[in-house]
Colleague: 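Please find one structure pasted underneath; my questions will follow.
A quick note: this is a predicted structure, and the numbers were derived from the prediction, not measured. Computed over heavy atoms, backbone and side chain alike; hydrogens, waters and symmetry mates excluded. The first residue of the sequence shown is numbered 1, and numbering continues consecutively from there.
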Amino acid sequence: MQVHGRWKIKVSGKVLMQWFADAWNEQAIIEYAKEFKQVAAPLIGQDWAIISIFEQWELGVPEIESHVAAHCAWFKDNGCVRDCHVYSYSSAKEMQLEKMIPHTEGTYVRHVYGELDEAINWLSQEGFDIPEPDFLHKLIATNNGG
């Protein structure tokens, strides 16, 4: 089956930055989760954070949900302690993301922000500076509306 959905992942300091676009099928989440584990490998063994840009994401088929749950369990079990999502308010996105992705529990804390800079500031306050925030700013600027 062909992948439907786009993503970009990069580690900067102790933060895994990621961007998502388009509507996702089951094959997309399978391929994304494999790449995520490879990119996240240097972070394992320490506390780390995730910042996810969902502005251009257009939801996913119901079949992705079990894969997302397993993926979230993996990153929480492997040191992710802070997680934030960035997207303009959308009831549909909120409904699917809130259903699939774990809420704050124990040492893991997740927040949702409407603006990238708010999310970057929160992570910084939590001890997770992003040395290369331009990666995220450029993805938002070059992919808006497209």
Colleague: Mind listing the side-chain donor-acceptor pairs of residues 39-54 below 3.5 Å, one per line with the distance, residues two or more places apart or on another chain?
Modeller:
residue, atom, partner, partner atom, Å
W48, NE1, N78, O, 2.7
S52, OG, Q18, NE2, 2.9

Colleague: Would you check if W57 and Y87 make a side-chain contact, meaning some heavy-atom pair closer than 4.5 Å?
Modeller: no
Colleague: Which value, rounded to the nearest 0.5 Å, describes the distance between R6 atom CZ and E58 atom CD?
Modeller: 8.5 Å
Colleague: Please report, to 0.1 Å, the donor-acceptor pairs under 3.5 Å made by any side chain of residues 65-75, with sequence neighbours excluded.
Modeller:
residue, atom, partner, partner atom, Å
E65, OE1, K99, NZ, 3.3
E65, OE2, Q96, NE2, 3.4
H67, NE2, E26, OE2, 2.7
H71, NE2, Y32, OH, 3.1

Colleague: What is the minimum heavy-atom distance between P133 and I130, and which atoms define it?
Modeller: CD-O, 3.2 Å
Colleague: Of all heavy-atom pairs between A119 and V86, which one has the smallest distance, and what is that distance?
Modeller: CB-CG2, 3.5 Å
Colleague: Could you state the interatomic distance from CZ (R82) to CD (E126), rounded to the nearest 0.5 Å?
Modeller: 4.5 Å
Colleague: When rounded to the nearest 0.5 angstrom, what distance separates CD1 in I29 from CD in E63?
Modeller: 12.5 Å
Colleague: Is there a path from M95 to L97 through hydrophobic residues (I, L, V, M, F, W, Y) whose side chains come within less than 4.5 Å of each other?
Modeller: no
Colleague: Closer than 3.5 angstrom, by distance alone: can the side chain of N25 be matched with the main-chain N or O of Q2 as a donor-acceptor pair?
Modeller: yes
Colleague: Kindly compute the distance separating CD (E118) from NE2 (H111), expressed to the nearest 0.5 Å.
Modeller: 11.5 Å
Colleague: Can you spot which of K93, E115, E55 makes a side-chain hydrogen bond (donor to acceptor under 3.5 Å, both in side chains) with S88?
Modeller: E55
Colleague: W24 versus W7: any side-chain heavy-atom pair under 4.5 Å?
Modeller: yes
Colleague: Looking at OH of Y113 and CG of L123, how far apart are the two atoms once the value is rounded to the nearest 0.5 Å?
Modeller: 7.5 Å
Colleague: Minimum heavy-atom separation for Y108 and C80, please, with both atom names.
Modeller: CD1-O, 3.7 Å
Colleague: Indicate yes or no: at least one non-hydrogen side-chain atom of L136 is less than 4.5 angstrom from one of K10.
Modeller: no
Colleague: What are the two closest heavy atoms between R110 and T104, and how far apart are they?
Modeller: N-OG1, 3.1 Å
Colleague: Decide yes or no for H85 and I101: does some side-chain heavy atom of the first lie under 4.5 Å from some side-chain heavy atom of the second?
Modeller: yes
Colleague: So do S12 and F135 actually touch side chain to side chain, heavy atoms under 4.5 Å?
Modeller: no
